[in-house]
Amino acid sequence: MSQQTLDRAPAPAARKRSGLVLAIILTCQLMLILDATVVNVALPRIQADLGFTPTGLSWVMTAYSLVFGGLLLLGGRAGDLFGRRRMFVVGTAVFTLASLAGGLADSAALLIAARALQGVGAAMAGPSTLALITTTFTETKSRVRALALFSAMSSGGFAIGLIVGGLLTEWISWRAGLFINVPFGLAIVLLAPRFVPDPERRRAHLDLPGAVTGTLGVGALVFAFTHAASDGWGNPVTLGSLGAGLAVLAGFVAIEARTGMPLVPLRLFADRNRSAAYVNFFLGPMAMMSMFFFLTQFMQDIRHYAALATGFAFLPMAVLIFTMSRLVPRLLPRYGPKTLAVTGSLVMVAGLTWLAMLTTDSEYFPALFGPLLLMGLGVGLAFAPLNVIVMATVPTEDAGAAGGVLQTMQQVGSTLGLGVLITVFGSVTRSSAATGAQLTVDGMTAAFATSAAFAVCTVLVALTFRRVTASARP
């Protein structure tokens with residue numbers, strides 16, 4: 001056998017191994033994102049089974065997002081310092097055990113505690129998913145493809161959560177939405193140590209003052225946003241949490257600027273494109289939240305869809321997001337990230353504006369189907385380039401921190417967006433002269449119009465991306 005043949009022989013095995021590594025990482029990311037919405041359509045049955053109060057029921061969603069968002073920065077830097085694969089495996093194990101405990105919960109308090117523990121596991125594993133992609137896929141083409149698929153999982157996971165939640169709630173039980181994580185989590189815990197490469201670890205000390213202030217600051221902001229959704233922005237607890245969060249985060253920035261080994265290296269924001277991408281990872285989820293929160297209610301409360309039908313109604317959006325994830329790696333070298341991000345954001349504006357024209361008599365075709373197609377196309381085009389902008393050129397030693405910041409922006413943006421949109425919904429329904437279903441739809445369309453305004457902001461930010469030459473594009 002010639003030397004050339006020997007050199008070529010391992011290639012198929014290497015591709016197969018890299019495909020398995022990517023499947024392990026993407027499965028974990030899908031689990032973490034899916035759990036933000038998988039219980040959405042099951043909330044009425046959870047309330048009936050466990051005796052939740054109407055206000056307490058919101059904590060089934062809030063407990064997860066609050067802890068997840070608050071600990072992401074710490075989880076990102078911990079992966080850089082203590083080992084990304086280790087944090088990935090341990091975080092997945094914690095998430096899996098918490099999912100099992102949530103599925104077995106026989107009281108409201110136990111379910112909320114399990115959801116919070118899921119948030120801890122997600123914050124440990126989440127930033128390492130992006131970092132492991134960055135350090136494992138070093139060849140440009142394979143990295144862009146992996147990041148595009150990661151973006152599809154991150155964006156499409158919300159819609160998939162509604163589909164899976166509807167299926168499991170209708171056919172089995174709301175508990176199945178939590179139990180389904182267990183086999184996938186166990187598979188990841190068993191396979192990752194064997195197949196996922198462990199990047200070289202940095203020998204450094206954890207920035208404890210930064211960890212404390214960053215975690216408390218982000219946690220206080222996320223709590224303020226979620227509290228505003230139920231109690232309003234004028235509530236003293238909301239205002240106090242918001243003020244405390246901003247003050248602590250100001251202290252966090254001052255600490256990071258002075259310390260030699262920061263939790264979040266401020267050099268991550270030195271690149272204009274990366275900074276703009278972070279801003280759009282904050283604004284984009286703000287715009288998207290109305291799709292999942294209010295459109296789910298419109299289908300179930302106004303159009304009287306069953307949980308299963310509500311989940312499947314989002315299928316066109318999910319399919320288009322995943323389709324675009326396959327096309328973006330081919331489009332990116334030709335058109336560059338700026339063109340794709342601007343185009344995708346404009347399509348999102350069109351979809352949300354269309355939803356702002358809903359009426360109580362709107363049918364699925366075309367009033368819902370059309371906007372869902374536009375949102376799938378827009379999200380797929382707008383967000384896949386952002387992952388590439390943030391992660392493709394980040395220094396290896398900062399990959400975990402960069403991923404933590406990215407996912408923090410996404411998590412806090414979605415929580416803030418929901419708080420703002422619920423406030424808009426509440427103010428319209430309190431001041432409108434309409435009654436019944438029309439009153440509810442008036443509030444929903446106002447929320448969709450506000451989401452369209454957020455999407456317009458993503459267009460403006462995308463226009464600030466610095467153009468790169470064709471030879472420098474991924």
Side-chain angles (χ1 to χ4, degrees), residues 27 29-50 52 54 57-65 99-100 102-103 105 111 114-115 118 152-185 285 288-323 351 355 358 362-373 375-376 379 414 418 437 440-441 444 447-448:
T27 300
Q29 178 65 12
L30 180 59
M31 282 200 314
L32 305 186
I33 296 299
L34 183 145
D35 258 61
T37 55
V38 72
V39 298
N40 234 21
V41 295
L43 288 177
R45 299 193 187 186
I46 293 175
Q47 183 177 16
D49 280 1
L50 300 183
F52 274 96
L57 188 64
S58 64
W59 280 98
V60 176
M61 307 293 296
T62 301
Y64 181 70
S65 61
S99 299
L100 179 62
L111 179 59
R115 291 286 285 170
Q118 278 187 307
M153 290 294 181
S154 300
S155 304
F158 292 107
I160 294 173
L162 294 171
I163 296 169
V164 172
L167 278 169
L168 296 176
T169 300
E170 196 77 22
W171 290 351
I172 306 175
S173 164
W174 64 266
R175 297 179 185 275
L178 295 167
F179 286 144
I180 195 174
N181 293 324
V182 176
F184 290 104
M288 288 172 60
M289 281 312 295
S290 65
M291 281 286 300
F292 303 113
F293 186 78
F294 289 106
L295 201 53
T296 299
Q297 294 186 54
F298 178 85
M299 293 176 189
Q300 291 188 313
D301 298 341
I302 305 300
R303 301 304 302 167
H304 306 296
Y305 288 13
L308 181 62
T310 301
F312 270 105
F314 287 90
L315 187 59
M317 179 181 178
V319 168
L320 260 180
I321 288 176
F322 283 100
T323 300
L355 284 176
L358 284 177
S362 294
E363 299 288 346
Y364 184 74
F365 293 99
L368 302 182
F369 181 75
L372 284 168
L373 286 181
M375 287 299 292
V379 168
S414 62
L418 185 58
T440 303
V441 172
M444 290 178 176
F448 288 129

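Everything numeric here is computed off the predicted structure, so don't read it as measured data. Heavy atoms only: backbone and side chains are in, while hydrogens, waters and symmetry mates are out.
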### Query
Is the shortest heavy-atom distance from the side chain of M375 to the side chain of L320 under 4.5 Å?
no
### Non-hydrogen atoms of L308 and E170 that approach each other most closely
N-OE1, 3.6 Å
### Summary
Nearest heavy-atom contact between L373 and P316 is CD2-CB, 3.8 Å
### Task
State the CD1-CG distance between I160 and L167, to the nearest 0.5 angstrom.
12.0 Å
### Message
So for atom CZ, which belongs to F184, do other residues, nucleotides or ligands contribute more than 12 heavy atoms lying within a distance under 6.0 Å?
### Response
no
### Task
Supply the atom-to-atom distance N181 CG to D35 CG, rounded to the nearest 0.5 angstrom.
4.5 Å
### Query
Quick one: CG on L32 to CE on M153, what's the gap to the nearest 0.5 Å?
12.0 Å
### Task
Taking all non-hydrogen atoms of both residues into account, name the closest pair between S414 and M289 and its distance.
O-CG, 3.2 Å
### Query
Relative to the ring of Y364, is the ring of Y305 parallel (under 30°), tilted (30 to 60°) or perpendicular (over 60°)?
tilted
### Message
Distance check, rounded to the nearest 0.5 Å: R303 atom CZ versus L295 atom CG?
### Response
12.0 Å
### Query
Any idea which heavy atoms bring L100 and F179 closest together, and the distance?
O-CE2, 3.7 Å
### Gap separating the CE atom of M317 from the CZ atom of F322, nearest 0.5 angstrom
11.0 Å
### Query
With a 4.5 Å limit on heavy-atom distance, are the side chains of L162 and T310 in contact?
no
### Task
Check whether any side-chain heavy atom of I302 lies under 4.5 Å from a side-chain heavy atom of L358, and answer yes or no.
no
#### Entry: Within-4.5 Å side-chain heavy-atom neighbours: V38 and I180
no
### Query
Under 4.5 Å between any side-chain heavy atoms of Q47 and V60, yes or no?
no
### Task
Give the minimum heavy-atom separation between A42 and W174, together with the two atoms involved.
CB-CB, 3.6 Å
### Query
Rounded to the nearest 0.5 Å, how far does OG1 of T440 lie from CZ of F294?
10.5 Å
### Query
How would you list, by chain and number, every residue that makes a side chain to side chain donor-acceptor pair (under 3.5 Å) with S362, sequence neighbours excluded?
T359
### Query
Can you name the closest pair of heavy atoms from A63 and R115 and give their distance?
CB-CB, 4.1 Å
### Message
With heavy-atom distances below 4.5 Å as the criterion, would you say the side chains of T169 and V39 are in contact?
### Response
no
### Message
What I'd like to find out is whether the side chain of T296 reaches to under 4.5 Å of the side chain of D301, using heavy atoms alone.
### Response
no
### Message
Before you tell me yes or no, could you show the steps for F298 and L355 under side-chain contact (heavy atoms from CB on, under 4.5 Å), namely the whole-Å CA-CA distance, both residues' side-chain angles and the distance that decides it to 0.1 Å?
### Response
CA-CA 11 Å; F298 178 85; L355 284 176; over 6 Å; no
#### Entry: 4.5 Å side-chain heavy-atom contact, F314 and F292
yes
